[in-house]
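Proteins get letters first, then strands, A, B, ... in listed order; numbering begins at 1 in each.
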Amino acid sequence: MAAKPSIPKGTRDFGPEQMVRRNYIFDTIRQVFNRYGYQPIETPAMENLSTLLGKYGDEGDKLLFKILNSGDFIDKVDANKLKPGNSNAIALDISEKGLRYDLTVPFARFVVQNQNDITFPFKRYQIQPVWRADRPQKGRYREFYQCDVDVIGSNSLLNETELALIINEVFEKLKIRTILKLNNRKILSGIAEVIGESQRLTDITVAIDKIEKIGLEAVNNELRSKGVAEDAIVKLQPIITLSGTNTEKLDTLKGVLAMSETGLRGITEMEEILGYIAENGSLTTTIEIDLSLARGLNYYTGAIFEVKAADTEMGSICGGGRYDDLTGIFGLKNVSGVGVSFGADRIYDVMLQLNLFPESLLASTQVMFANFGNKEAAYCLKAIRALRDSGISTELYPDAAKMKKQFDYANGHKIKFVVIAGDNEVKENLLSVKNMETGQQTTIAYSQISNYISENI
RNA sequence: GUGGAUGUAGCUCAGUUGGUUAGAGCAUCAGAUUGUGGUUCUGAGGGUCGCCGGUUCGAACCCGGUCUUCCACCCCA
């Protein structure tokens with residue numbers, strides 16, 4: 001009578017095949033992070049709501065999963081507030097913990113809390129799930145993994161450069177063609193400042209972003225409807241239509257931002273980062289200045305990164321930026337950090353779509369021994385142990401099933417070698433080895449099994 | 001959170017104006033083949049038609065609700 005079991009909307013189970021592929025992504029990312037000298041940390045799935053609230057804007061606060069207090073939580077609520085439609089007002093009375101929304105804010109909290117034990121600059125990475133009460137869509141889940149790398153306690157633009165190289169290296173290893181979009185909060189501030197619309201920075205950025213989709217005239221109309229002054233819109237034209245190479249874009253911007261100290265500083269930063277990156281030689285990732293990149297505008301103060309897969313329509317698969325004062329909210333001033341976050345689940349979706357996972361991932365076992373019965377199986381055990389000892393993953397089919405079934409199993413698991421040991425082999429102290437890819441079968445001396453497999457694998 | 005689609009076997013999908021025991025391909029299992037797979041042939045199992053309710057003599061089909069997945073907006077990995 002039990003109802004069909006299910007899992008919450010936007011969450012997923014991962015079977016063996018998916019886990020092998022996910023681990024391939026995580027291992028690749030972790031390996032690159034380690035190579036650049038970043039150290040791992042983990043933080044709890046839940047944080048105090050006071051840590052989380054107000055860090056992601058109103059929109060972000062709405063997307064936080066809140067955890068109900070233990071005990072008779074309703075008992076402590078003011079009776080006057082307990083009425084229908086008043087959920088928001090009592091939310092904080094019945095909940096003091098929430099699931100983490102990203103890894104950056106918990107990291108900031110971690111740094112402040114452990115500041116006396118940390119040697120700065122602190123380079124850390126963190127690979128854990130985060131939760132958002134968003135409406136799920138393709139590539140958008142309510143539980144998903146982020147892989148964050150940050151360096152905190154250093155203002156050097158070499159850090160931005162390093163992150164760009166990490167991004168390049170990760171996606172090169174995963175064979176995903178990518179475009180790394182770069183922007184800088186200081187340039188955006190400069191633009192708003194120059195046209196006298198500093199308070200409408202977000203509206204302007206959002207509008208510029210739509211140029212491809214809706215065209216210049218529609219963008220200008222949208223700016224007007226947002227209340228941007230007419231002469232400001234005129235000044236904005238060269239920026240909205242900004243195009244060309246990165247150098248050309250920066251040249252145009254220099255002209256427009258000549259009167260803004262902040263804006264010019266942003267340009268200098270951008271040039272410095274691009275210069276360092278150029279010193280590293282050619283990258284597989286295309287780097288492109290994109291002023292419409294407005295992500296995380298709330299706390300980013302310098303460089304802003306976003307990575308898109310070149311060959312799919314998937315949203316961004318990696319993003320981040322520089323934040324000068326993230327730990328300030330938790331009481332540690334003047335500590336600047338910069339970091340990016342890889343979206344493992346979207347990377348998975350992209351790789352699946354583009355068929356980029358190596359076939360070999362699915363082959364967990366290299367050699368399978370067919371089972372002809374108890375006596376024959378026992379005969380195989382020493383050979384199996386020898387193979388395992390030499391690092392070859394080996395299994396013995398557990399039942400004396402029909403050969404067809406055993407061979408089907410080997411095929412299904414993409415096992416390359418099947419070892420056959422029936423009556424004939426046992427009598428002569430031999431083993432027959434069949435290569436499932438070529439169909440060739442060879443009979444060898446029992447003691448030669450490790451050597452034979454090692455040589456032919 | 002707003003608006004719009006979707007759901008039939010493990011998977012991909014048929015299913016007539018509402019009319020008896022809801023079908024196909026692939027996959028699975030069994031047999032042809034008691035020591036040899038990926039090809040072939042034969043057969044079998046597997047579905048409360050997402051769930052709940054309503055209309056009707058009768059619902060996979062019509063209506064309402066609900067859940068899931070997906071799309072647009074918002075936002076974002």
Side-chain angles (χ1 to χ4, degrees), chain A residues 1-12 15 25 29 56-64 87-88 100-104 127-148 167 202 205-206 209-210 213 293-298 305-309 313-320 339-350 368-373 376 397 400-426 430-443:
Chain A
M1 254 357 209
K4 266 185 195 163
S6 65
I7 53 176
K9 190 200 304 213
T11 66
R12 296 146 303 152
I25 294 173
I29 289 174
Y56 310 105
D58 293 341
E59 203 64 41
D61 286 353
K62 276 189 235 162
L63 298 180
L64 282 174
S87 308
N88 284 338
R100 75 166 95 80
Y101 177 89
D102 71 359
L103 300 178
T104 307
I127 299 178
Q128 290 190 273
V130 303
W131 294 270
R132 296 183 188 178
D134 208 352
R135 182 175 294 203
Q137 279 180 36
K138 201 175 199 64
R140 174 178 296 201
Y141 307 100
R142 294 180 121 178
E143 177 184 63
F144 61 96
Y145 273 73
Q146 291 193 327
C147 313
D148 273 33
I167 288 169
T202 308
T205 317
V206 168
D209 187 34
K210 294 181 181 165
K213 213 189 288 180
L293 223 179
R295 66 177 17 270
L297 222 47
N298 290 333
F305 301 93
E306 177 166 305
V307 180
K308 292 200 158 184
E313 290 302 305
M314 187 67 62
S316 76
I317 52 177
C318 175
V340 295
S341 177
F342 291 78
D345 302 82
R346 282 191 180 174
I347 292 173
Y348 179 97
D349 290 344
V350 167
M368 187 195 87
F369 280 64
N371 187 326
F372 284 81
E376 292 87 346
Y397 195 88
K402 285 189 175 144
M403 278 305 107
K404 175 173 165 51
K405 191 172 164 78
Q406 300 198 34
F407 275 76
D408 278 344
Y409 176 90
N411 268 333
H413 288 78
K414 302 205 185 326
I415 296 170
K416 186 170 175 184
F417 293 103
V418 171
V419 178
I420 295 139
D423 252 0
N424 304 338
E425 284 84 358
V426 173
L430 299 170
L431 291 169
S432 294
V433 182
K434 175 155 183 162
N435 182 324
M436 296 297 279
E437 289 163 9
T438 63
Q440 281 182 332
Q441 188 169 323
T442 316
T443 300

Under 4.0 Å, counting only non-hydrogen atoms across every strand here, what does [X] touch: a base, just sugar-phosphate, or nothing?
{"X": "Met436(A)", "answer": "base"}
{"X": "Gly439(A)", "answer": "base"}
{"X": "Asp102(A)", "answer": "nothing"}
{"X": "Gly422(A)", "answer": "base"}
{"X": "Ile420(A)", "answer": "base"}
{"X": "Gln441(A)", "answer": "base"}
{"X": "Glu437(A)", "answer": "base"}

Atom-to-atom span, [atom1] of [X] to [atom2] of [N] - whole angstrom:
{"X": "Asn424(A)", "N": "rU36(B)", "atom1": "CG", "atom2": "C1'", "result": "13 Å"}
{"X": "Leu430(A)", "N": "rG35(B)", "atom1": "CG", "atom2": "P", "result": "18 Å"}
{"X": "Asp61(A)", "N": "rG1(B)", "atom1": "CG", "atom2": "C1'", "result": "14 Å"}
{"X": "Ile317(A)", "N": "rA77(B)", "atom1": "CD1", "atom2": "P", "result": "13 Å"}

Check your understanding: Does anything in residues 339-346 of chain A reach RNA chain B, meaning a heavy atom under 4.0 Å, and if so which residues?
Key -> Gly343(A), Arg346(A)
Point to revise | RNA chain B contacts among residues 407-417 of chain A, heavy-atom distance under 4.0 Å | key: Phe407(A), Asp408(A), Asn411(A)
Euclidean distance for [atom1], [N] against [M] (whole angstrom):
{"N": "rA9(B)", "M": "rC75(B)", "atom1": "C1'", "answer": "39 Å"}
{"N": "rA72(B)", "M": "rC67(B)", "atom1": "P", "answer": "22 Å"}
{"N": "rA27(B)", "M": "rG10(B)", "atom1": "C1'", "answer": "7 Å"}

**Study point:** Minimum-distance nucleotide (side-chain atoms of Glu59(A) versus rU36(B), rG37(B), rC74(B))
**Key:**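 From the listed options, rC74(B) comes nearest.
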Review point. When only distance counts, do a donor and an acceptor, one from the side chain of Glu376(A) and one from the base of rG35(B), lie under 3.5 Å apart?
Key: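 Side chain to base: no pair present.
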Exercise for review: Assess whether one donor atom and one acceptor atom, taken from the side chain of Lys405(A) and the base of rG37(B), lie less than 3.5 Å apart.
Suggested key: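 Between rG37(B) and Lys405(A), which were checked side chain against base, a qualifying N/O pair under 3.5 Å is absent.
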Revision key, fill the gap. Sorted by chain and number, sequence neighbours left out, ring pair (Phe, Tyr, Trp, His ring centres under 6.0 Å) with Phe144(A) holds for none
Review point. What pairs with Tyr348(A) under ring pair (Phe, Tyr, Trp, His ring centres under 6.0 Å), at least two apart in sequence or on another chain?
Key: Phe357(A)
Donor-acceptor list for residues 419-426 of chain A side chains, cut-off 3.5 Å, not counting sequence neighbours:
{"unit_1": "Glu425(A)", "atom_1": "OE1", "unit_2": "Gly422(A)", "atom_2": "N", "d": "3.0"}
{"unit_1": "Glu425(A)", "atom_1": "OE2", "unit_2": "Ser432(A)", "atom_2": "OG", "d": "2.7"}

Check your understanding: Going by the angle between their ring planes, with limits at 30° and 60°, are Tyr409(A) and Tyr397(A) parallel, tilted or perpendicular?
Key ->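 If you compare the ring of Tyr409(A) with that of Tyr397(A), the planes turn out perpendicular.
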Revision key, fill the gap. Pairing string of RNA chain B (Watson-Crick or G-U wobble, both atom distances under 3.5 Å; | = paired to other strand) is (((((.(..((((.....[...)))).(((((.......))))).....(((((..]....)))))).)))))....
Point to revise | Point-to-point distance, once rounded to the nearest 0.5 Å, from CD1 of Ile317(A) to CG of Asp349(A) | key: 10.5 Å
**Study point:** Spacing of CD1 belonging to Ile167(A) relative to CZ belonging to Phe342(A), to within rounding of 0.5 Å
**Key:** 5.0 Å
Extract from the structure each pairing of a protein N or O with an N or O of nucleotides 67-72 of chain B at less than 3.5 Å, listing the distance.
{"unit_1": "rU68(B)", "atom_1": "OP2", "unit_2": "Lys9(A)", "atom_2": "NZ", "d": "3.1"}
{"unit_1": "rU69(B)", "atom_1": "OP1", "unit_2": "Gly10(A)", "atom_2": "N", "d": "3.1"}
{"unit_1": "rC71(B)", "atom_1": "OP2", "unit_2": "Lys138(A)", "atom_2": "N", "d": "2.6"}

Run the salt bridge (Lys or Arg N to Asp or Glu O under 4.0 Å) test against [X] and tell me which residues pass, sequence neighbours left out.
{"X": "Lys404(A)", "value": "Asp408(A)"}
{"X": "Arg12(A)", "value": "Asp345(A)"}
{"X": "Arg140(A)", "value": "Asp134(A)"}

Check your understanding: What do the steps show when you test Tyr141(A) against Arg132(A) for side-chain contact (heavy atoms from CB on, under 4.5 Å), and what is the final call?
Key -> CA-CA 8 Å; Tyr141(A) 307 100; Arg132(A) 296 183 188 178; over 6 Å; no
Review point. Does any N or O in the side chain of Gln406(A) come within less than 3.5 Å of the main-chain N or O of Ala401(A), such that one atom is a donor and the other an acceptor?
Key: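 Yes.
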Check your understanding: Are the side chain of Arg142(A) and the backbone N or O of Trp131(A) linked by a donor-acceptor pair below 3.5 Å?
Key ->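 Pair absent, no side-chain N/O of Arg142(A) close to backbone of Trp131(A).
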Each nucleotide N or O in nucleotides 31-33 of chain B that has a protein N or O under 3.5 Å away: list the pair and distance.
{"unit_1": "rG31(B)", "atom_1": "OP1", "unit_2": "Lys402(A)", "atom_2": "NZ", "d": "2.2"}
{"unit_1": "rG31(B)", "atom_1": "OP2", "unit_2": "Lys402(A)", "atom_2": "NZ", "d": "2.5"}

Exercise for review: Answer whether the closest heavy-atom distance between the side chains of Gln128(A) and Arg100(A) falls below 4.5 Å.
Suggested key: yes
Check your understanding: What residues form a side chain to side chain donor-acceptor pair (under 3.5 Å) with Tyr145(A), not counting sequence neighbours?
Key ->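 Per chain and number, Tyr145(A) pairs via side chain to side chain donor-acceptor pair (under 3.5 Å) with no residue.
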